[in-house]
Number of protein chains: 2
Amino acid sequence: MAIARPTHRRLFAVFDHAHGHLSRRAGAALAQVEIKPAQAMALVYLGYHNGCQLSELADGVGSNNAAVTGLVTRMEKAGLVRRRALQSDGRGKSVHLTNQGLLKREQVMDTLRKFDEKLSKNFTDAEMDTIYKFLTISSHLGSK
Amino acid sequence: MAIARPTHRRLFAVFDHAHGHLSRRAGAALAQVEIKPAQAMALVYLGYHNGCQLSELADGVGSNNAAVTGLVTRMEKAGLVRRRALQSDGRGKSVHLTNQGLLKREQVMDTLRKFDEKLSKNFTDAEMDTIYKFLTISSHLGSK
DNA sequence: ACAATTTAATTCATATGTGTAATTTCTTGG
DNA sequence: CCAAGAAATTACACATATGAATTAAATTGT
């Protein structure tokens, strides 16, 4: 057999392609609750780690510090979160959900729950475990 | 069992998180051949569909028409591709790899091949089939 | 204590993606 | 042929991501 493991070829290209389409679909769904995907992801993460620092949020949403600075600034302007200086470390700042941010997060969670169901409904539990494992490992290949 | 299919929860969030990290890693690898991920994806696609129209390229890289206009403009400026008017349809334009673009594409393919190998080495063929199926289906949930 | 290093956040220039509107060019029904 | 609609591309405003450089604050080695 001359062609080995053909389905494994161009894995990143296929992954990136899928992300482009999925991200657009998710964006359309999230537009119904008037929020952009990046801000929605930040809201979801903050629900589990409210009051974390900007750096942690950056890693939590798969982004970097520079991107999160702008993201949090826009979200602050929209009244979804607010920064607070750390007493323990003069360099760091923590990010906190406002009441409005909490409310928006619930709408986001509802929207994403439906979206996730559509995404996973054609797969068995075992298959989803494999997919989840792949995504998790990919996130930690070189977190730095 | 109160908690059903826990690993399936927050699927899109996990996917987006993984893409963020992977994309950064790929960007670092591709920086060695001095090209950005989006342009690299376009080069890869054009290798298989040289001379296609902008619209087809947009779908091929999981993006949209407006994004591709700017992308092709930057790539044209970099000497990697060039636009050509269609004789058959005055509205459309086709995109063609230059010799420089072809050369760059080979470097990109080498870089991505190594990257893909790292990504897939912890999975069996059967698991990769599942992952590939998930990514492919995700791309076609609602292409438009 | 102090200089060198490290770390957190920011700023900047640039690249990229998205929706909406405008432009130009087909295509089609009357 | 002409008006209406559809299609391909572009223009525009804005949100987002990245690397590099900057600033301020903490840490470390001596």
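Keep in mind the model is a prediction, meaning the values are calculated, not measured. These numbers come from the heavy atoms of this one structure, side chains and all, not from hydrogens, waters or symmetry mates.
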What integer distance in Å separates [X]:[atom1] from [N]:[atom2]?
X	N	atom1	atom2	answer
Glu76(A)	dA9(C)	CD	C1'	13 Å
Gln53(B)	dT25(C)	CD	P	15 Å
Asp59(B)	dT9(D)	CG	P	13 Å
His21(A)	dG17(C)	NE2	C1'	13 Å
Leu54(A)	dA24(D)	CG	P	18 Å
Leu86(A)	dA8(C)	CG	P	11 Å
His19(B)	dT16(D)	NE2	P	16 Å
Ile35(A)	dG19(C)	CD1	P	16 Å

Taking N and O atoms by type only, does the side chain of Arg91(B) place a donor or acceptor under 3.5 Å from a partner on the base of dT24(C)? no
Is [X] touching bases, backbone alone, or none of the nucleic acid, heavy atoms closer than 4.0 Å?
X	answer
Asn64(B)	base
Ala66(A)	base
Gly70(A)	nothing
Asn65(A)	base
Ser63(B)	sugar-phosphate

Could you check Gly62(A) against Ser55(B) and say which one's nearest nucleotide on DNA chain D is further toward the 5' end?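 The residue mapped nearer the 5' terminus is Ser55(B).
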Between Leu71(A) and Gly90(A), who's closer to the 5' end of DNA chain D by nearest nucleotide?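 First, find each residue's nearest nucleotide; the 5'-ward one identifies Leu71(A).
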Check: Thr73(A)/Arg83(A) side-chain N/O donor and acceptor closer than 3.5 Å: yes
Could you check whether His19(A) and Asp16(B), counting side-chain N and O atoms only, form a donor-acceptor pair closer than 3.5 Å?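 Side chains of Asp16(B) and His19(A): pair found under 3.5 Å.
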Under 4.0 Å: is that the gap between some side-chain N or O of [X] and OP1 or OP2 of [N]?
X	N	answer
Lys36(B)	dT14(C)	no
Gln39(B)	dA15(C)	no
Arg24(A)	dT16(C)	no
Arg74(A)	dT16(D)	yes

By nearest heavy atom, map Lys93(A) and Asp16(A) onto DNA chain C; which one lands nearer the 5' end? Lys93(A)
Please lay out, stage by stage, how Arg113(B) and Asp116(B) fare under the test salt bridge (charged side-chain N to carboxylate O under 4.0 Å, His left out). CA-CA 5 Å; Arg113(B) 198 168 359 258; Asp116(B) 289 345; over 6 Å; no
Answer yes if the ring centres of Phe15(A) and Phe15(B) are under 6.0 angstrom apart, and no otherwise.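 Yes, ring centres under 6.0 Å apart.
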Heavy-atom pair of closest approach, residues Leu46(B) and Cys52(B): CD2-SG, 4.0 Å
Output yes when a side-chain donor or acceptor of Thr69(A) lies under 3.5 Å from a complementary backbone atom of Asn65(A), and no otherwise. yes
